[in-house]
Amino acid sequence: RKEVEQDPGPFNVPEGATVAFNCTYSNSASQSFFWYRQDCRKEPKLLMSVYSSGNEDGRFTAQLNRASQYISLLIRDSKLSDSATYLCVAYTDKLIFGTGTRLQVFP
Amino acid sequence: DAGVTQSPTHLIKTRGQHVTLRCSPISGHKSVSWYQQVLGQGPQFIFQYYEKEERGRGNFPDRFSARQFPNYSSELNVNALLLGDSALYLCASSPGAPLETQYFGPGTRLLVL
């Protein structure tokens with residue numbers, strides 16, 4: 001079983017749609033959690049950290065449920081520029097990445 | 001400010017050869033980590049260095065080695081290359097504690113023929 005699991009997608013959504021990505025992690029000792037965004041053939045870039053209280057950055061909302069070992073990312077009012085792969089990440093003593101969920105937003 | 005830089009950007013090698021990849025962290029950052037990303041997968045942790053000492057090692061064979069220099073730059077070495085070593089090799093730097101805040105360089109794309 002992978003330490004961080006994500007639905008690989010792809011998620012194909014129209015502009016303006018709301019899309020949600022889910023992720024589970026297996027190591028209960030994981031201390032911190034993140035969502036990274038990776039564009040095709042580019043490096044991952046930190047999108048946001050994830051906290052139990054939930055956090056929001058503009059159209060993006062991330063949530064952590066430690067009891068269920070579950071992380072989510074919600075994107076509202078999707079833009080064409082949101083098309084990318086979204087990587088769920090857990091940190092113990094190193095960053096553990098999920099496989100990534102691919103999002104394609106179409107006009 | 002310059003971000004994390006890596007060299008070379010692309011590399012083609014043949015099986016059995018050796019390769020050295022280089023990384024310069026963001027100015028002031030003291031930690032460097034290396035990751036391997038094969039197509040369709042997330043990055044896999046290889047090594048982490050902090051203040052020139054190895055702080056972590058992933059599940060990679062001994063053919064993979066790394067070091068960090070006094071100026072905090074780093075090298076990743078891979079010996080006896082296999083076809084399966086073809087991947088994007090990413091370097092990430094951290095300012096220090098906490099080490100989980102990492103910024104990635106553009107990567108070196110390695111193709112082994």
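Per chain, numbering begins at 1; letters A, B, ... match sequence-line order.
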Hey, are the side chains of S33(B) and L95(A) touching, using non-hydrogen atoms and a 4.5 Å cut-off?
-> no
Give a yes or no on whether R15(B) atom CZ has more than 12 heavy-atom contacts from other residues, nucleotides or ligands under 6.0 Å away.
-> no
Starting at CZ of F97(A), measure out to CG of L90(B) and round the result to the nearest 0.5 Å.
-> 8.0 Å
Check step by step if side-chain hydrogen bond (donor to acceptor under 3.5 Å, both in side chains) holds for Q38(A) and Q37(B).
-> CA-CA 12 Å; Q38(A) 187 171 28; Q37(B) 187 175 24; 2.8 Å; yes
Taking atom NZ of K45(A) as the centre, report whether more than 12 heavy atoms of other residues, nucleotides or ligands fall under 6.0 Å from it.
-> no
For atom CG of L39(B), is the number of surrounding heavy atoms from other residues, nucleotides or ligands below 6.0 Å larger than 12?
-> no
Please flag which part of Y103(B) lies under 4.5 Å from any non-hydrogen atom of chain A: side chain, backbone, both or neither.
-> neither
Does any heavy atom of chain A fall under 4.5 Å from the side chain of Q48(B), the backbone, both, or neither of them?
-> side chain
Tell me, yes or no, whether the heavy-atom count around R37(A) atom CZ, taken from other residues, nucleotides or ligands under 6.0 Å, exceeds 12.
-> yes
Counting only heavy atoms closer than 4.5 Å, note whether R102(A) contacts chain B via side chain, backbone, both or neither.
-> neither
Give a yes or no on whether Y91(A) and F47(B) share a hydrophobic cluster (residues Ile, Leu, Val, Met, Phe, Trp, Tyr; joining criterion: side-chain heavy atoms under 4.5 Å apart).
-> no
Does atom NZ of K30(B) have more than 12 heavy-atom neighbours, drawn from other residues, nucleotides or ligands, at distances under 6.0 Å?
-> no
Can you establish whether the number of heavy atoms outside E51(B) located under 6.0 Å from its atom CD is more than 12?
-> yes
Point-to-point distance, once rounded to the nearest 0.5 Å, from OG1 of T92(A) to CZ of F45(B) = 9.0 Å
R109(B) versus chain A, heavy atoms under 4.5 Å apart: side chain, backbone, both or neither?
-> side chain
Do the two ring centres, one from F104(B) and one from Y36(A), sit under 6.0 Å apart?
-> yes
Write down the atom of P43(B), the atom of L87(A), and the distance for their closest heavy-atom approach.
-> CD-CD1, 4.2 Å
Rounded to the nearest 0.5 Å, how far does CD of Q44(B) lie from CD1 of I96(A)?
-> 7.5 Å
Does CG in N71(B) sit with more than 12 non-hydrogen atoms of other residues, nucleotides or ligands closer than 6.0 Å?
-> yes
